Novice: 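A single structure is presented below for examination.
Naming convention: chains lettered A, B, ... in sequence-line order (proteins, then strands); numbering from 1 in each chain. We use all heavy atoms of the structure for the numbers below, so side chains are in, but hydrogens, waters and symmetry mates are not. Nothing here was measured: the structure is a model prediction, and the numbers come from that model.
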Amino acid sequence: MREDIVRTNQKSEIRMTKRNALMGAFCLLAATFFCGCDKNRGSSASANSGNVKLTLDWKPEPEFGGFYAANQDGAFSKHGLNVAIAPAGEGADTWQLVATGQTDFATSTADQVLIARKQGADVVAIFAVYQTFPQGIMVHQARGFKSIKDVFGNSGVLLAEDNSWLHFLQNKFPPVQVKIANYSGGISEFLAKKDYSQQCFVTSEPILAKHQGGDPQTFLIADEGFNPYTTVVICSGDFWRAHPEKVKSMAAACREGWRDYLDHPDPVNATMHGLNQDMDLQTFGEAAVAQKPLIETDETKANGLGTMTPQRWKDLADQLVKLGVIDGSVNPGQCFVNPGE
Amino acid sequence: VKKRHSIFASLWPPLVVLVAAIVVMHIWAKVLDKPFLLPTPREVADIAVQRHEDLLASLWTTTKAALIGFFASGVCGIAVGMALAASSLVRRAFYPYTVFFQTVPIVAIAPLLMIWCGPGMGAVSLCAFIVSVFPVIASTLSGLLSTDRALEDLFRLYGASAWARLWKLKLPSALPSIFTGLRVASGLAVIGTVVGEFLVGLFGPGEGLGVRIVAAKKQGHTDEVFAAVLIASLLGLAMFAAINLAAKLLIGHWHVSEQER
């Protein structure tokens, strides 16, 4: 009797174990299935309509003014597009969103496009807002520095993100005397400490620092020879090949939007200020003026706003290879298209 | 033989989970086929081996900051807990404000920390302290207030001084609770350190794991990000194990929570 009970219990345990194993296998299969679904998620749910999503790599600020202008003044709709503009948080790797089909278009930087392609992500730049790299180093005027070389050759603290340009500057100005700490946004530390310098968008933080009583002096990184296209509109290679007309329309509408914003920034600044009240209207206006020469250059006057050249992409790729950021496997010619051509 | 058997019995469940997790991660990474989002365990292991010198230097920096933050949390948390337990007036006045440590978003006070301590080890350790001190305060207070009333009466009956009551009765009976707080704090100290390094860490040789994670992410090296995160988790696990060992040595011979079951 007792043995029967034990045997029955053992059988029941074996059945339970088998059932658990089956359940486990089912869960694994389900997980794999959902992963597969994720992989196959289309580059756009709205591929055949004019609805597309543009994800920005920061909040609504003048660096994105032309996109809001294209939306507000009808350039997108004129080209058959209904664009949802979505600002993203700090540190958003927008190329990953593009590569995984979470967004149709996004803004990024040229060096990030090269890094993305090195990682196997098929992303393509289609429009470059800033022809001159707007990133700079902001220092206190009282320190009497003449160039970025002085920042790296003196003591103090430099707040910066670990970007390609930082590697370039560290490489260019050895031995690095300044302590480099991670930059997490804002200008409070800079204002509080006289021996602090920090990275900045020349169209943003220096203006803010001046408004708050600081004595900022700015050096452009582009002047040192590192000049990637910035606020670059990207899409996936798949999207470009599947919807070339839509990509052409996007580039053309961006060009019109930026033309409009460069000529008449005030109405769009008011709209963006409504979406981002952290920046006051006066700063919006000053930044729009400050960024104009970085967007409109001799090159764009000849070939149109947002245009890109193979030579600039090659130069940047060579610099990144030299710095060890990417290897020689990345073909700079595949990183961009000028859709209008 | 019995001891070896008991070690095996305690090790096989987590080992099975570990192997299952590695298999699932491998299948998931292969199906997803986007190494910049999810690398395979093999790729993570390869990069960990390839960059072991840098990663070990980062681990050492992070370990130092986490230990400083954790010990500061332990000492201050127990001291504050004792002060709060000593007087109900002090407790009512200050206890609600200790919750500040639990809720403060480090990112909001990062500039202050940097200005007070300068970037690097000091500010990072302070982050670890802020994030991990509250559980120690709360558990110390709870332990000290849970002393057996009958034993307290007995001590009073025999004329024991307040100091003797604290040292010989309240504190020993609060130890299990204090260790629970220290266990929670050990993990939080590592989290606080890595977050602190994100915000106020220094770049350069021997940069902490948090700085390395940010840098690798910027360069699209997801395999290195995973390797650094894994090492940070192992650090948390090691600190947790050390507290468990200390608890076993200090109170294992008399308290049921630390005895084998």
Novice: Is the closest side-chain heavy-atom distance between B:Leu59 and B:Leu209 below 4.5 Å?
Specialist: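 Side-chain contact under 4.5 Å: yes.
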Novice: For a 4.5 angstrom cut-off between non-hydrogen side-chain atoms, does B:Cys76 reach B:Phe129?
Specialist: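 With C-beta onward as the side chain, the pair touches.
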Novice: Tell me, for A:Ala116 versus chain B, whether the close heavy atoms (under 4.5 Å) come from the side chain, the backbone, both or neither.
Specialist: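 Contact with chain B: none, neither part.
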Novice: Closer than 4.0 angstrom, basic N to acidic O: yes or no for A:Asp122 and A:Arg117?
Specialist: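 Salt bridge between A:Asp122 and A:Arg117, a charged N being under 4.0 Å from a carboxylate O: yes.
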Novice: So for A:Gln112, is it side chain, backbone, both, or neither that comes closer than 4.5 Å to the heavy atoms of chain B?
Specialist: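 Just its side chain gets close to chain B.
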Novice: For B:Val214, is it the side chain, the backbone, both or neither that has a heavy atom under 4.5 Å from a heavy atom of chain A?
Specialist: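 Contact with chain A is through the side chain of B:Val214 alone.
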Novice: Which bit of B:Glu207 is near chain A, if near means a heavy-atom gap under 4.5 Å: side chain, backbone, both or neither?
Specialist: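 Neither part.
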Novice: Pick one of side chain, backbone, both or neither for A:Leu159, based on which atoms fall under 4.5 Å of a heavy atom in chain B.
Specialist: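 Interface part for A:Leu159: side chain.
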Novice: Using non-hydrogen atoms only, which part of A:Ile326 is less than 4.5 Å away from chain B: side chain, backbone, both, or neither?
Specialist: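 Neither; nothing under 4.5 Å.
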Novice: With a 4.0 Å cut-off, would you call A:Asp238 and A:Arg241 a salt bridge?
Specialist: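 A salt bridge is present here (some side-chain N lies under 4.0 Å from a carboxylate O).
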Novice: Below 4.5 Å, heavy-atom pairs only: which of A:Gln96, A:Gln170, A:Lys118 has the largest tally toward chain B?
Specialist: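 Among A:Gln96, A:Gln170, A:Lys118, the one with the most close pairs to chain B is A:Gln96.
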Novice: Among B:Ala123, B:Pro119, B:Pro111, which has the most heavy-atom pairs under 4.5 Å with chain A?
Specialist: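 The candidate making the most pairs under 4.5 Å is B:Pro111.
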Novice: Check whether A:Ile115 gets within reach of chain B through its side chain, its backbone, both or neither, counting any heavy atom under 4.5 Å.
Specialist: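 Just its side chain gets close to chain B.
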Novice: Below 4.5 Å, heavy atoms only, C-beta onward: do A:Pro87 and A:Asn276 meet side chain to side chain?
Specialist: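 Sidechains of A:Asn276 and A:Pro87: no contact.
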Novice: May I ask you to test the B:Asp46-B:Asp223 pair for a side-chain heavy-atom distance under 4.5 Å?
Specialist: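 They are not in side-chain contact.
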Novice: Return the orientation label for the A:Trp313 and A:Phe336 ring planes: parallel under 30°, perpendicular over 60°, tilted otherwise.
Specialist: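 Ring orientation of A:Trp313 relative to A:Phe336: parallel.
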Novice: Select, from A:Val157, A:Asp111, A:Asp162, the one with the greatest count of heavy-atom pairs under 4.5 Å involving chain B.
Specialist: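 Most heavy-atom pairs under 4.5 Å with chain B: A:Asp162.
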